[in-house]
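Let me begin by presenting the structure, written as structure tokens, before commenting on it.
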Amino acid sequence: MNQTLHDLELPPAPLPDYLWWLLALAALLLLGSGLWLWRKRQQPAAKALRKLAKLPDDPANLPQLAAIVRGVEGSGGFLSRLDHARFAPTPCTPEAFATLKHAARTLLEQAR
């Protein structure tokens, strides 16, 4: 009368403690890197670069270009060039605007 039970299921074994610690460490590293990337994205120079990328290439947008660059440190010399282009008796040409926009992008990339 020796019967064997073949349908017996064992309860699942719990994860070892070191795996729980590794999962917690990975979650903390992901959270920390996400926070670091979010803070880097929120810097004034990064925001200004995103606004500059959306700005159409039209000389009528000189006031918007000045507003974008105004909040960045070290833009004093560039702002005087920009004001000269804005308030000059002759209108700004598209080539001059493209040059100013490129200079603004360079200034913002250096400020990052």
Side-chain angles (χ1 to χ4, degrees):
M1 308 262 174
N2 194 0
Q3 291 181 339
T4 58
L5 298 175
H6 294 287
D7 61 344
L8 183 66
E9 291 185 22
L10 296 174
L15 290 177
D17 286 341
Y18 69 89
L19 282 180
W20 287 111
W21 284 108
L22 283 176
L23 287 173
L25 179 65
L28 283 174
L29 286 175
L30 281 174
L31 183 64
S33 64
L35 182 64
W36 179 77
L37 288 173
W38 180 77
R39 288 191 63 195
K40 189 162 182 74
R41 181 176 165 81
Q42 297 301 319
Q43 290 178 348
K47 284 183 179 182
L49 275 171
R50 286 192 303 273
K51 288 179 185 177
L52 186 65
K54 293 178 186 176
L55 187 67
D57 290 336
D58 184 14
N61 292 328
L62 278 172
Q64 289 89 350
L65 182 61
I68 290 171
V69 177
R70 196 170 313 278
V72 179
E73 295 178 19
S75 59
F78 179 74
L79 283 176
S80 64
R81 284 178 43 204
L82 195 57
D83 286 340
H84 178 69
R86 284 175 60 194
F87 302 115
T90 58
C92 181
T93 63
E95 294 81 19
F97 182 77
T99 303
L100 287 170
K101 191 173 175 183
H102 179 70
R105 182 175 294 114
T106 304
L107 175 76
L108 292 172
E109 286 174 354
Q110 288 174 354
R112 283 175 75 179

For residues 36-59, tabulate all N or O donor-acceptor pairs below 3.5 Å that involve a side-chain atom, not counting sequence neighbours.
{"unit_1": "Arg50", "atom_1": "NH1", "unit_2": "Arg41", "atom_2": "O", "d": "3.2"}
{"unit_1": "Arg50", "atom_1": "NH2", "unit_2": "Arg41", "atom_2": "O", "d": "3.3"}
{"unit_1": "Asp57", "atom_1": "OD1", "unit_2": "Lys101", "atom_2": "NZ", "d": "2.7"}

Which donor-acceptor pairs under 3.5 Å do side chains of residues 10-22 form with protein atoms, sequence neighbours excluded?
none

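Partners of Ala96 by side-chain contact (heavy atoms from CB on, under 4.5 Å), not counting sequence neighbours, listed by chain and number: Cys92, Thr93.
Screening residues 25-34 for salt bridge (Lys or Arg N to Asp or Glu O under 4.0 Å) gives no qualifying pairs among residues at least two apart or on separate chains. Residue pairs satisfying the salt bridge (Lys or Arg N to Asp or Glu O under 4.0 Å) criterion with at least one member in residues 83-97, sequence neighbours excluded, are listed as follows: Asp83-Arg86.
Residues Ala85 and Leu100 approach most closely at CB-CD1, 3.6 Å, considering heavy atoms. Between Leu107 and Phe78, the shortest heavy-atom contact is CD2-CB, 4.1 Å.
Leu29 shares a hydrophobic cluster with Leu25; the chain of contacts runs through ILVMFWY side chains whose heavy atoms sit under 4.5 Å apart.
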